[in-house]
*Asks:* 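Right, I'll just put the structure down here and ask away after.
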Amino acid sequence: SSHVGSRRRRVSPGTKLPFLCTVALSWQSCGTLALKLQTSLLSAPTGANLVMSMAGEEELEGASSANEDEPLLPQTAAAAVTSVRQRLCTQHTGLAVAMLLALVSVASAVINLCFPKGPDAGTSHIGGVIDALSLPEHKQSDFFIFTHVSDPSNLDSYLSHPLSELVSWYSLKGILVMYVMPKMEWALMLGYVSEVAKNPKLPMPRELKDLHHKCRQWMEKVCQECNKTQTPDRMRILTPLDFKDVLLSMKDRLGESKFNTWFGHTTYDAPKLIDSIMRLRALGNALPVFRFDIDVLCNSNTKNDMSSIYAAVLRGLEDFRKSVDDPFVQEFVLSQQYGGVPAAKSKDFQTWNRAFSTHCGPALLATPALCKSPRPGNHTYMSGDLADATDEATMMAFYGLQHVEGEEFLQPMLPSAADTREKRQEEDILRLGNAYIGANPTRTVISGAALATGPGVTLDMPPFLHTDLNIMWIDDHLLDRLTQEVDGNKRRPRPEGVGQARVVKAREPPRNVAKYTLEVGMPTLLYGIIMDAWVNNQPDGYLLKYEPADLAGNPQIQDVYASITGGTSGTDAVAKGTFSRAVKEAQTTGQLVAEKVVELSEDLWADALARMQDVYWQWINLPAPKLHGTRQSTFATLWAAGRVCEHAHLSSYCENADFEKLGQGMVLPSWDEEAREAKSRANLPSLEKKHLNQAVAAKIDELIQSVTRHVEWVLLWPDVVQAIRSANVGLTPSDVTWRFSEALPEATE
């Protein structure tokens, strides 16, 4: 609309043209424009004005009239359509143009429909066209949002946010599912499902009924509010009981023994099953399900302003449509980003704490203030303690970031241009940080930031369940990388330029930094780093974590990148990791024999030890700046090298038998004494299982068991998918067509 100024035809106050706002955002909005043209364009009495808003000022010059209230002439609208099409063809290229050309063509058809009696006809009959083609608001659904609420006591606080506006935003309509599932209630639900099939009259556990009743009361209140804004049934507060029929179907399909084997033990990642149920049941309508962490959706930043979430959803819709419409993108995982690190705030702890999916705790300096009394309980820090422990150079080295002139945010360090692979790897392991051994912080997908999976991934890749371990990146980066390896889409995992919106991750610092970082944060990160190697252990595999545009300035690296993505023909795009090959073989053959399990375990251990050498070398070389005259190592350095007990304030990890042994570190001090003399990664001494902290070694064994179990889960997944999708449409409370009812399931009990 800014093109046309005062010469634009005025629109009556009652006319709804919400899409003009979207047009003004960017050319990249064209995907959503095309998606919503039918409902938004046709809802305007003078819908052709949308086309006019896309035309240049010169096209409107001749249409100017002395009477500003004169209605838009159809011949003027048709001329504008022709002009826009010509401009797009001559000035722009690419998929965006194709979408906009389609949009303009549809606009032409709309004009013809609106003015069937010829170019001199009026607009009195346009209402009939609108009635015929418009979609009623209550039937419109463009997206789902899924979020998990682990503590029902926080629901009042969450529901005080303007969430109803989020699901009815201008021309976009969505459905928000808040899944309320405390760990205890999920365990009760699984036990109930296991028994109720044998005894249909078995009473529901009281705790489940109470939770369900409370959530129904909340939902009734929310729906009453939604009715005022014409958004009924768009806010759903669900509990495990809402998925009883789906779980029973899964039990019937798998049989009692298999169901109890796979679901008899509750793990922290159980909400991912409900996430998958929603995605699977939404197949067929191309509706993306955007997963948000609850502290992203509801925090102090979104209390009165959901604009960052709006932007993420709008961008997510564009990205999803762009991916679905790209014939070379057949399996994809998408998300938006957390806040990142503005260049002007690169010394601020809270900025780093909320910047990425990977916590910044390991890169904090292990200062005396942070390490006093690491156990037990919480610790009160002075206002400057966390600031003192945040060193800009150390953080950038840990993540692999740099300042780039003219860029608002810190940018990733780029791979070395050395002439041999050996030189590149020795340089890159120390310059690329997380991107070399784990997830590239600025390029990775993030599960809590509007993560969405394409239809192929939803069908083919089961969620990683059935483990008691917290594994970094298991829902996002590792899922994305595993998909690329198993499905052979490394050449084009998603269209370029997607995932640019930012949301705030309201992550608070741990109440006991040393305890949390050493006992939880470091092991969690290590498990994810090891699994990254299990997905792809090629020497140059870390290059896959960059966008092709990142590598454009280095022809040699571009050649390497082309070779590891399968070459120009894609013929060598096979799985290159021990874990990913096992998943591919399970999908292909439909079996996993005992001999293969033993071989798989041995190979996984070998890969894990090699990756732990990478971790050791990178983290012992992190900067150790002086603070108050004394050099301070990071928690990552101390833990990777097994030097935790050498720290004056952390010696209790070796002296006190009640302290968590995982906190002592990754390797034994005896191996570190030999390894610290090495001059390069290639010269590190051999690392064997006996050189590891026994507590760490036991956890790696558990991680291997979890991976092997996941391969078996892959074999079972087709039956689970069929069971989930077997219920009639509209019966599951997460379905689009489901309608709210106050009645409990089996309310007659």
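Excluded from the calculations below are hydrogen atoms, water molecules and symmetry mates; all remaining heavy atoms, backbone and side chain alike, are included. For reference, positions follow the sequence shown, starting with 1.
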*Asks:* Pairing donors with acceptors under 3.5 angstrom, does anything connect the side chains of Ser168 and Lys173?
*Replies:*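 Yes, side-chain donor-acceptor contact under 3.5 Å.
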*Asks:* Testing Asp480, Asp319, Asp326 one by one against Arg494 for a salt bridge (Lys or Arg N to Asp or Glu O under 4.0 Å), which residue passes?
*Replies:*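 For Arg494, the salt bridge (Lys or Arg N to Asp or Glu O under 4.0 Å) check succeeds only for Asp480.
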*Asks:* Would you confirm whether Ser335, through its side chain, and Leu451, through its main-chain N or O, come within 3.5 Å as a donor-acceptor pair?
*Replies:*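 No; zero donor-acceptor contacts below 3.5 Å.
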*Asks:* Mind listing the closest non-hydrogen atom pair of Glu331 and Thr483 along with its distance?
*Replies:*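 Closest heavy-atom pair between Glu331 and Thr483: CB-CG2, 3.9 Å.
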*Asks:* Specify whether Phe290 and Phe143 have parallel, tilted or perpendicular ring planes, treating 30° as the upper limit for parallel and 60° as the lower limit for perpendicular.
*Replies:*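 It falls in the tilted class, 30° to 60°.
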*Asks:* Check whether the side chains of Arg253 and Gln722 place a donor and an acceptor atom closer than 3.5 Å, and report yes or no.
*Replies:*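 Yes, a side-chain donor-acceptor pair sits under 3.5 Å.
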*Asks:* For residues 180-191, which side-chain N or O atoms pair as donor and acceptor with protein atoms under 3.5 Å away, sequence neighbours left out?
*Replies:*
none

*Asks:* Please list all pairs passing the side-chain hydrogen bond (donor to acceptor under 3.5 Å, both in side chains) test where one or both residues lie in residues 446-461, with sequence neighbours left out.
*Replies:*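 Listed by first then second residue: Ser447-Asp476, Thr453-Thr458.
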*Asks:* Please check if any side-chain donor atom of Asn260 sits under 3.5 Å from a side-chain acceptor atom of Ser194, or the reverse.
*Replies:*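 Present: a donor and an acceptor within the cut-off.
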*Asks:* Cation over ring, Arg481 on Trp534, under 6.0 Å and within 45°?
*Replies:*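 Here Arg481 fails the 6.0 Å and 45° test against Trp534.
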*Asks:* Begin from the C-alpha positions of His359 and Val520 and carry the test side-chain contact (heavy atoms from CB on, under 4.5 Å) through to its verdict.
*Replies:* CA-CA 11 Å; His359 292 224; Val520 179; over 6 Å; no
*Asks:* Can you label the angle between the Trp473 ring and the His477 ring as parallel, tilted or perpendicular, going by 30° and 60°?
*Replies:*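 It falls in the perpendicular class, over 60°.
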*Asks:* Any idea how Tyr179 and His148 line up, ring-wise: parallel (<30°), tilted (30 to 60°), or perpendicular (>60°)?
*Replies:*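 Tyr179 vs His148 ring planes: tilted.
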*Asks:* Classify the side-chain pair Asp151/Ser153 by whether it contains a donor and acceptor separated by less than 3.5 Å.
*Replies:*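 Side-chain D/A pair, Asp151 to Ser153: present.
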*Asks:* Would you call Arg291 and Asp475 a salt bridge, using N to O less than 4.0 angstrom?
*Replies:*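 Between Asp475 and Arg291 there is a salt bridge, with a charged N closer than 4.0 Å to a carboxylate O.
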